[in-house]
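Comments concern the structure below.
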Amino acid sequence: MTTPDKTRPGPWRRQTELVRGGTARSAFGETSEAIFMTSGYVYDTAEQAEAAFKGDIERFVYSRYANPTVSMFEERLRLLEGAEACRATASGMAAVFAALICQLKAGDRVVAARALFGSCHYIIAEILPRFGIETVLIDGTDLEAWRQALAPGAACVFLETPSNPTLEIIDLAAVAELARRAGASLIVDNVFATPLLQRPMAFGADVVVYSATKHIDGQGRCLGGAILGSQDFVEERLVPIMRHTGPAISPFNAWILLKGLETLEPRVARHCANAKAVAAFLEDRPGVRRTLYPGLASHPQAELARRQMDDSGTLVAFELEGGKGRAFRFLNALKLVDISNNLGDSKSLITHPAMSIGLEDVEDIKDDVAQALSA
Ligand SMILES: *Cc1c(COP(=O)(O)O)cnc(C)c1O
């Protein structure tokens with residue numbers, strides 16, 4: 001990325017915030033962050049309870065609204081993203097849905113890139129139209145298509161870049177400018193890039209969403225999600241919807257994700273290095289028709305990826321000669337890489353058509369791929 005890092009607030013550098021940001025110690029002075037497994041909170045007096053319920057005093061009231069462990073996770077991620085505010089959710093899909101629904105009403109129009117994670121596509125194409133919201137899906141790599149779709153105006157724009165699983169790259173700065181002119185709020189699902197490799201807000205995005213299930217946990221343990229945006233957006237739009245519809249994350253899962261952030265940077269760096277090596281290895285193999293990785297010069301948008309991402313990501317997509325039968329034979333012959341639909345995990349995982357490169361020794365991953373290709 002060549003845009004200067006103007007969004008990082010605070011006196012500490014990024015890796016320091018990732019380890020320490022948001023920590024709020026209890027009266028016991030614990031080193032590691034505490035897990036506050038509590039649904040509610042107690043009050044000294046009836047008057048204090050009344051003031052808390054009315055919102056006249058700031059304090060924890062109920063864990064559907066806020067919880068100390070969840071707040072620590074939100075604050076650490078907020079510092080990393082350089083956003084004004086952050087709210088955590090029970091899953092990535094809860095984050096995507098809340099980010100959209102809190103801004104939309106019947107009669108609104110949503111424009112989205114077509115290359116989307118299956119459930120994101122389902123929300124846009126199936127759920128929103130049931131409530132009188134017009135949705136338009138376009139080729140996200142085609143700026144002229146964005147221009148035309150946004151010409152009549154829109155309430156929201158939704159996109160993933162790189163997209164799941166086809167690794168299409170969308171020009172964030174250009175689409176943000178078109179969205180701004182259309183009066184639309186730009187929501188970017190930044191899961192594939194991780195908060196470390198791409199900062200959508202620096203290019204003009206209004207809202208960033210994550211499935212924290214992926215790299216932020218990164219060890220296959222729990223689900224989680226997050227929504228980041230301006231203070232106004234979070235307080236006025238998002239919080240009322242979240243409070244009353246209840247996509248709250250468990251404090252235990254928030255704690256796992258909080259600890260996941262502490263090791264995010266070294267993990268993502270290693271994922272990227274391994275992915276780059278596997279992509280280069282696949283590109284030269286006989287029987288591999290096409291390898292898609294934003295860091296390969298052969299990626300159709302390699303130059304754009306270099307401009308807006310700090311590194312090329314942790315996923316590699318590839319096509320084998322011989323179609324689906326051959327691809328399934330390859331999957332079934334793998335001995336190390338697991339067939340699984342998660343991604344960003346320390347274990348290398350694969351589903352047709354993309355592979356999430358893990359933290360194993362890259363020579364073992366390449367050996368496994370080589371033996372399965374010749375099977
Ligand atoms: C996995 C994923 C989601 C959904 O996240 P969950 O935590 O599984 O609900 C949304 N968007 C993208 C791009 C994803 O990869």
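Counting convention: from 1, in listed order, for ligands and their atoms alike. Residue indices begin at 1 and follow the sequence shown.
- Nearest protein heavy-atom neighbour of atom 7 (O) of ligand 1: T213 OG1, 2.6 Å.
- Short contacts between ligand 1 and F192, defined as distances under 4.0 Å to a heavy atom of the residue, involve ligand atoms 15 (O).
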Verify salt bridge (Lys or Arg N to Asp or Glu O under 4.0 Å) between R20 and E33, making sure each step is shown before the conclusion. CA-CA 10 Å; R20 291 176 172 272; E33 297 75 6; over 6 Å; no
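- Of all the listed residues (M93, K214, H121), K214 holds the heavy atom that lies closest to atom 2 (C) of ligand 1.
- No salt bridge links E177 with R147; every basic N to acidic carboxylate O contact stays at or beyond 4.0 Å.
- Under the 4.0 angstrom criterion for non-hydrogen atoms, G224 is in contact with ligand 1.
- Ion pair E262/R76 flagged as a salt bridge, since at least one NZ, NE, NH1 or NH2 atom sits closer than 4.0 Å to an Asp/Glu carboxylate oxygen.
- Under a 4.0 Å N-O distance rule, the pair E81/R199 does not qualify as a salt bridge.
- At least one N or O atom of G92 sits closer than 3.5 Å to an N or O atom of ligand 1.
- Both cation-pi conditions hold for K214 and F117: the charged atom is under 6.0 angstrom from the six-membered ring centre and inside a 45 degree cone around its axis.
- The S91 neighbourhood of ligand 1 comprises atoms 7 (O), 9 (O), with distances under 4.0 Å to a heavy atom of that residue.
- The protein non-hydrogen atom at the shortest distance from atom 12 (C) of ligand 1 is D189 OD2, 3.4 Å.
- Protein heavy atom in closest approach to atom 8 (O) of ligand 1: S211 OG, 4.1 Å.
- Near N164, meaning under 4.0 Å from any of its heavy atoms, are these atoms of ligand 1: 14 (C), 15 (O).
- Taking a cut-off of under 4.0 Å to the non-hydrogen atoms of E160, the atoms of ligand 1 that pass are 13 (C).
- Aromatic pair F36/Y41: ring centres not closer than 6.0 Å.
- With hydrogens and angles left out, the side-chain atoms of E283 and Y293 include no donor and acceptor closer than 3.5 Å.
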